Participant: 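Dropping the structure in here first, questions after.
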Amino acid sequence: MAINKENYNRINGELGACNVALVAVSKTKPVDEIRELYDLGHRDFGENYVQEMAEKAEKLPKDIHWHFIGHLQTNKVKFIIPFVQLIQGVDSLKLLKEINKQADKAGRVVECLLQMHIAQEETKFGLDNNELKEVLGSLDELKSVKVVGLMGMASFTEDMDKVRKEFCRLKTIFDEVKQSHPDFHMLSMGMSSDYKIAIEEGSNMVRIGSLLFGERSIKK
Ligand SMILES: *Cc1c(COP(=O)(O)O)cnc(C)c1O
């Protein structure tokens, strides 16, 4: 298998024109395919399993920006702290505190996004509005994390109106939080199937896997 260069160049062009960052989601894909994109100049890659990301980071060039985009268990935080660029799925205060603790130990400040629960599905992780308030209220004490924005995943549905509404809601929350949190500047929303809608609704970072690497055989 090889990466889809045509899609990469096309998407890169589209995103460049509107200043949206591209995280290439390489979960389940081998390191040679990551390297193919790397050789085209790409540096931002997303993974959602700790061990898989750590193994790949070990084998690949050190100037790659690794984004952790999955559900992160507190007991695994320490394994990614030395090299992670952005932890996108912070979905509890407990997790953020653990990231802060491990980052402090490592002498780093680690950038994070708070994951909001915007889909109607019960299965998706994320904060609700009350939990968001609680986390925002604790940020001053957490000196070794820097929360720079929000992340969200829309419902898994063909109903694009619904998807659009969910993204729109996340953008509204983002704009509101930004007023009182000057560090907030990243809104990560949009995947292969819905990134265009996400950008129309105000996303400035999309996470795209299958359009670049092909469909995954393992559903993760
Ligand atoms: C897998 C995944 C993506 C990418 O999905 P595609 O549909 O392959 O683009 C984006 N975000 C998260 C959180 C993911 O787990």
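All figures in this text were calculated on a predicted structure; none of them were measured in a lab. Remember, it's 1-based here, ligands and their atoms both numbered in the order they're listed. In this chain, numbering begins with 1 at the start of the sequence shown.
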Participant: Given the rule in the salt bridge (Lys or Arg N to Asp or Glu O under 4.0 Å) test, do E14 and R10 qualify, once you have shown the distances and angles that lead to the verdict?
Facilitator: CA-CA 6 Å; E14 287 168 8; R10 177 175 54 77; 3.1 Å; yes
Participant: Going by distance alone, is a donor N or O of one side chain under 3.5 Å from an acceptor N or O of the other, for E166 and S155?
Facilitator: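 There is such a pair between these side chains.
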Participant: Which ligand 1 atoms does S210 reach within 4.0 Å, using its non-hydrogen atoms?
Facilitator: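 Taking each heavy atom of S210 in turn, ligand 1 has 6 (P), 7 (O), 8 (O), 9 (O) under 4.0 Å.
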Participant: Is there a heavy atom in R216 that sits closer than 4.0 Å to ligand 1?
Facilitator: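 Yes.
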Participant: Who's closest to atom 14 (C) of ligand 1 heavy-atom-wise, of R207, M191, K27?
Facilitator: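 Answer by nearest heavy atom: K27.
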Participant: Give the numbers and elements of all ligand 1 atoms closer than 4.0 Å to a heavy atom of I208.
Facilitator: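 Once the distances to I208 are compared, the set is 9 (O).
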Participant: Applying side chain to side chain contact (heavy atoms under 4.5 Å, CB included), can you list everything that pairs with K143, at least two apart in sequence or on another chain?
Facilitator: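 Not a single residue meets the side chain to side chain contact (heavy atoms under 4.5 Å, CB included) criterion with K143.
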Participant: Hey, does S193 come in under 3.5 Å of ligand 1, counting only N/O atoms on both sides?
Facilitator: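 Looking only at distances, the answer is no, because the N/O contact criterion of under 3.5 Å is not met.
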Participant: Ignoring angles and geometry beyond distance, decide whether G209 reaches within less than 3.5 Å of ligand 1 through its nitrogen or oxygen atoms.
Facilitator: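 Right, the criterion is met.
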Participant: Among L40, D39, D44, exactly one meets side chain to side chain contact (heavy atoms under 4.5 Å, CB included) together with H42. Which residue is that?
Facilitator: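 Among L40, D39, D44, the one meeting side chain to side chain contact (heavy atoms under 4.5 Å, CB included) with H42 is D44.
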Participant: Give a yes or no on whether K162 atom NZ has more than 12 heavy-atom contacts from other residues, nucleotides or ligands under 6.0 Å away.
Facilitator: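 Buried by this count: over 12 neighbours within 6.0 Å.
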